[in-house]
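What follows is a short report on a single structure.
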There are 2 protein chains.
Amino acid sequence: MEELIKYGEKFFDELEIVTYKAKDVSVDIELNEISMAATRTDVITIIRGIKDKRIGISIVDTIDKEEVKKAIEQAAKMAKLNNPDEKWVSLPEPGKYREQPEPNEELREVSPDILVEMAIKGIKIAREKDEHVTVAGGSIATSWVETWIGNSHGIDVIQRFGNAYAFFELVGRKEGIVTPGIFEFDAKDNLALDVEGTVEKALQKVQWAYKVKEAKNEEVPIILGPWAIAGLFAYTLFPAFSGERLVKKTTPLADKVGEKIASDVITIYDDPFHELSLAKVIADGEGVPTRRYELINNGEFKGFIWDNYWAKIYGTESTGHGHRDFRGGGVSIGLNTPIIENGKRSLEEIIGEIKHGYFVDGVQGAHSSNPDNGNFAVTANPAYLIEDGEIVGASVFLIAGNIYELLKQASEVSKEQTVMPVMYTVITPYIKFENVKIAGKK
Amino acid sequence: MEELIKYGEKFFDELEIVTYKAKDVSVDIELNEISMAATRTDVITIIRGIKDKRIGISIVDTIDKEEVKKAIEQAAKMAKLNNPDEKWVSLPEPGKYREQPEPNEELREVSPDILVEMAIKGIKIAREKDEHVTVAGGSIATSWVETWIGNSHGIDVIQRFGNAYAFFELVGRKEGIVTPGIFEFDAKDNLALDVEGTVEKALQKVQWAYKVKEAKNEEVPIILGPWAIAGLFAYTLFPAFSGERLVKKTTPLADKVGEKIASDVITIYDDPFHELSLAKVIADGEGVPTRRYELINNGEFKGFIWDNYWAKIYGTESTGHGHRDFRGGGVSIGLNTPIIENGKRSLEEIIGEIKHGYFVDGVQGAHSSNPDNGNFAVTANPAYLIEDGEIVGASVFLIAGNIYELLKQASEVSKEQTVMPVMYTVITPYIKFENVKIAGKK
């Protein structure tokens with residue numbers, strides 16, 4: 001690859017080449033049956049070259065040397081046609097990297113058979129334990145990813161990692177009641193997915209959902225589960241950490257470094273090396289080292305995250321949060337693996353102390369939130385009613401509010417910590433919030 | 001490929017093999033610059049095999065004979081593990097096909113250079129003609145697709161087609177006004193995209209949008225443009241034509257064959273051979289012949305569309321509307337190229353007669369519509385105010401209603417007919433509707 005960087009230097013002042021190879025194996029479930037098994041490979045090379053501050057990006061789906069050379073020439077032509085980006089400073093320099101954990105090689109070549117077996121097992125358990133249950137959907141899948149990031153300043157990073165996930169969607173039909181779709185997930189950086197545990201958790205929720213309880217307008221304690229947190233935080237809180245938004249003045253956290261923006265129980269940091277992480281990357285999408293990076297410490301906001309471009313414009317350094325978009329080729333600011341610190345007591349203990357409240361498993365409509373100010377309006381569904389320390393049924397209600405007000409109402413985080421592989425990979429406990437206003441919905 | 005069908009017959013009672021090869025070249029625009037050029041190829045083989053009514057589907061991203069054989073074996077294993085689908089009848093038989101028009105071979109190998117040139121030209125025209133305009137986004141892209149569909153009943157169809165599209169999103173900033181994103185499209189089955197005309201149409205709309213006019217609650221005539229029609233009809237009307245929905249009783253058209261469901265001016269049919277069509281396919285995703293198929297004739301509902309599976313369950317025949325999902329491998333019911341018949345008078349003449357009303361260019365939120373009954377609630381944006389036969393500014397308002405009530409209010413269709421390549425390919429004129437209730441929005 002060094003040869004290709006050399007070749008590109010004929011055309012550019014600076015040049016970056018990223019290659020991405022992925023192998024995905026997946027098995028899908030639909031209405032109690034295996035609906036398909038698929039094996040796919042993806043190969044992509046992205047060229048980003050800069051000449052006189054003019055940027056050219058080209059993408060080809062090969063690592064063939066001659067084709068990549070042509071893509072370099074294509075990027076060079078594009079750069080010539082574009083206007084200079086006067087804000088451009090430079091591509092990143094190499095940094096000090098942590099030692100990459102050995103990936104689980106078993107994820108490199110996975111036979112669909114193993115995943116089919118897991119899917120069949122999951123369907124069987126669900127249907128045997130509750131004859132009223134349909135496995136409406138689901139997926140068992142593995143990924144193996146190899147990336148190389150190199151640039152003309154000497155960055156030269158090879159990374160390999162793999163992961164696996166399973167999800168099941170159960171629907172129960174009993175005595176005229178049809179439950180909402182109940183989702184449960186498991187995800188790991190190895191193949192030891194807990195299919196049985198995952199399905200049993202979903203079955204428990206289906207049991208709860210057979211009893212429909214109407215919610216009313218009131219102020220109550222609520223517990224948000226990992227799936228709800230991933231959905232809500234991804235659209236309200238996480239974007240506000242972006243340095244680009246600081247530069248563009250579209251984050252409500254602009255003057256808040258060192259200030260309390262959440263209650264004491266909330267500590268959030270970013271670290272792809274966390275044991276539950278699904279991608280233990282040593283470098284971000286531009287080859288800048290990743291690290292343990294504090295975002296909120298006992299409620300205090302610690303600082304913004306940066307990619308190379310916006311950091312240099314602001315006069316600071318990339319924090320290793322350059323997220324590479326393999327479809328569009330570009331880089332945007334994003335968290336690697338956000339982690340919300342867990343607490344001492346179990347979810348069961350926390351529920352046990354609630355006289356009247358709700359456990360919210362999933363939220364809908366979070367994507368319409370406004371990250372500029374943190375306002376959101378979501379439908380809590382599925383959500384479970386807690387009475388005298390026990391879950392007694394399922395409800396649907398609206399929560400409209402502001403994420404920063406909500407974060408100040410956080411009173412406890414559970415001991416259990418889960419990695420949520422959907423939408424945004426988040427490692428999180430259950431979080432209890434006090435006095436949350438809800439509006440019942442039929 | 002015959003050899004592979006033979007191989008598969010060892011494992012299955014019936015077997016279908018579909019291969020899909022696509023080459024996509026695209027150039028993206030972001031903030032007045034070419035943000036990237038990409039070349040991608042996709043190769044997919046889908047196996048659908050049936051043994052004792054048990055179905056197995058497997059997907060591999062190659063056409064390599066040995067790999068496809070392995071995928072056949074994989075599908076056979078899956079079929080064994082699945083339960084029989086008692087509703088299953090059989091795969092389709094060969095039919096009588098029309099003669100496929102020769103595709104434009106120029107779309108087979110397109111250099112990104114040509115697309116870059118078009119993008120640069122578009123940006124230049126936009127910026128030269130209005131210095132307050134930013135080309136916020138855009139894309140120029142071509143596709144070349146080759147498919148083969150074969151099954152053990154003798155279906156053996158090879159198809160090749162190509163198309164190209166361009167879209168530009170313009171935003172104007174003048175005297176404190178920031179216009180909404182103004183989109184304009186062109187799409188053809190050849191490379192002769194009209195970049196200049198497309199950008200000029202968008203510039204005209206930006207001019208209108210500089211004058212913001214507040215909408216109030218009232219009943220007015222509105223004209224829906226092609227983009228708005230594609231968005232609204234795709235989520236409210238088109239799903240109701242599905243035979244699967246007839247079987248499952250989730251279409252409001254169940255007892256309406258032969259009845260008036262729209263005003264006289266509305267005639268809709270499906271025909272991939274229309275001259276503006278972007279994919280002149282002779283067969284659907286299962287190899288069943290396509291044809292000119294009437295849906296609504298002068299307001300009268302003519303009948304449902306079917307794929308092979310649901311048609312046989314209902315006791316009828318596939319109408320050539322089996323839509324192949326190349327990600328999931330499955331088949332669902334879908335229109336090929338819906339066409340709304342055009343009229344005699346130009347958009348300008350129609351606008352010229354409106355004393356007070358609106359021309360709605362785009363709608364937001366159509367995906368939340370309910371196809372079971374046709375109810376919808378969308379935000380009309382961009383929408384343009386018409387006063388005394390002329391457009392005098394831009395507004396935003398809500399339209400909440402029912403598609404079947406709206407269709408009865410249709411009073412005229414324009415002479416101009418456009419192919420809309422987004423979301424759902426639809427060939428449509430502008431349509432005028434009388435007495436539409438709107439609610440102003442700030």
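Proteins get letters first, then strands, A, B, ... in listed order; numbering begins at 1 in each. When reading the values below, keep in mind they use all heavy atoms of this one structure, side chains included, and skip hydrogens, waters and symmetry mates.
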Next on the checklist: At a heavy-atom distance under 4.5 Å, which candidate from A119(A), P112(A), A79(A), G330(A) has the highest pair count against chain B?
Outcome noted: P112(A)
Checklist outcome for this item: Under 4.5 Å to a heavy atom of chain A? For I46(B) that would be neither
Checklist entry - For I313(A), does the CD1 atom sit with more than 12 other heavy atoms under 6.0 Å from it, leaving out its own atoms? => result yes
Item to check | Those residues that, when tested against A166(B), pass side-chain contact (heavy atoms from CB on, under 4.5 Å) (two or more places apart) | outcome: I140(B), F168(B), L193(B)
Next on the checklist: Which atoms of I123(A) are under 4.5 Å from chain B, going by heavy atoms: the side chain, the backbone, both sets, or neither?
Outcome noted: neither
Between chain B and chain A, are any donor-acceptor pairs under 3.5 Å, and how far apart is each one to 0.1 Å?
| residue | atom | partner | partner atom | Å |
| --- | --- | --- | --- | --- |
| E33(B) | OE1 | N83(A) | N | 2.8 |
| E33(B) | OE2 | N83(A) | ND2 | 3.3 |
| I34(B) | N | N82(A) | OD1 | 2.8 |
| I34(B) | O | N82(A) | ND2 | 2.9 |
| A37(B) | N | I57(A) | O | 3.0 |
| A37(B) | O | I59(A) | N | 2.8 |
| T39(B) | N | I59(A) | O | 3.0 |
| R40(B) | NH2 | R327(A) | O | 2.5 |
| T41(B) | N | D61(A) | OD2 | 2.4 |
| T41(B) | OG1 | D61(A) | OD2 | 2.8 |
| I57(B) | O | A37(A) | N | 3.0 |
| I59(B) | N | A37(A) | O | 2.8 |
| I59(B) | O | T39(A) | N | 3.0 |
| D61(B) | OD2 | T41(A) | N | 2.4 |
| D61(B) | OD2 | T41(A) | OG1 | 2.8 |
| Q74(B) | NE2 | D113(A) | OD1 | 3.1 |
| K77(B) | NZ | D113(A) | OD1 | 3.3 |
| K77(B) | NZ | D113(A) | OD2 | 2.4 |
| N82(B) | OD1 | I34(A) | N | 2.8 |
| N82(B) | ND2 | I34(A) | O | 2.9 |
| N83(B) | N | E33(A) | OE1 | 2.8 |
| N83(B) | ND2 | E33(A) | OE2 | 3.3 |
| D113(B) | OD1 | Q74(A) | NE2 | 3.1 |
| D113(B) | OD1 | K77(A) | NZ | 3.2 |
| D113(B) | OD2 | K77(A) | NZ | 2.4 |
| R327(B) | O | R40(A) | NH2 | 2.5 |

Next on the checklist: Tell me whether the count of non-hydrogen atoms from other residues, nucleotides or ligands lying under 6.0 Å of CD1 in I63(A) goes above 12.
Outcome noted: no
Checklist outcome for this item: Here the ring-ring contact (aromatic ring centres under 6.0 Å, His included) pairs for residues 42-82 of chain A, sequence neighbours left out, are none
Checklist entry - With M78(A), which of I120(B), V27(B), V116(B) fulfils side-chain contact (heavy atoms from CB on, under 4.5 Å)? => result V116(B)
Checklist entry - Is there any ring-ring contact (aromatic ring centres under 6.0 Å, His included) pair reaching into residues 37-69 of chain B, and which pairs are they, with sequence neighbours excluded? => result none
Next on the checklist: Which atoms of L81(B) are under 4.5 Å from chain A, going by heavy atoms: the side chain, the backbone, both sets, or neither?
Outcome noted: both
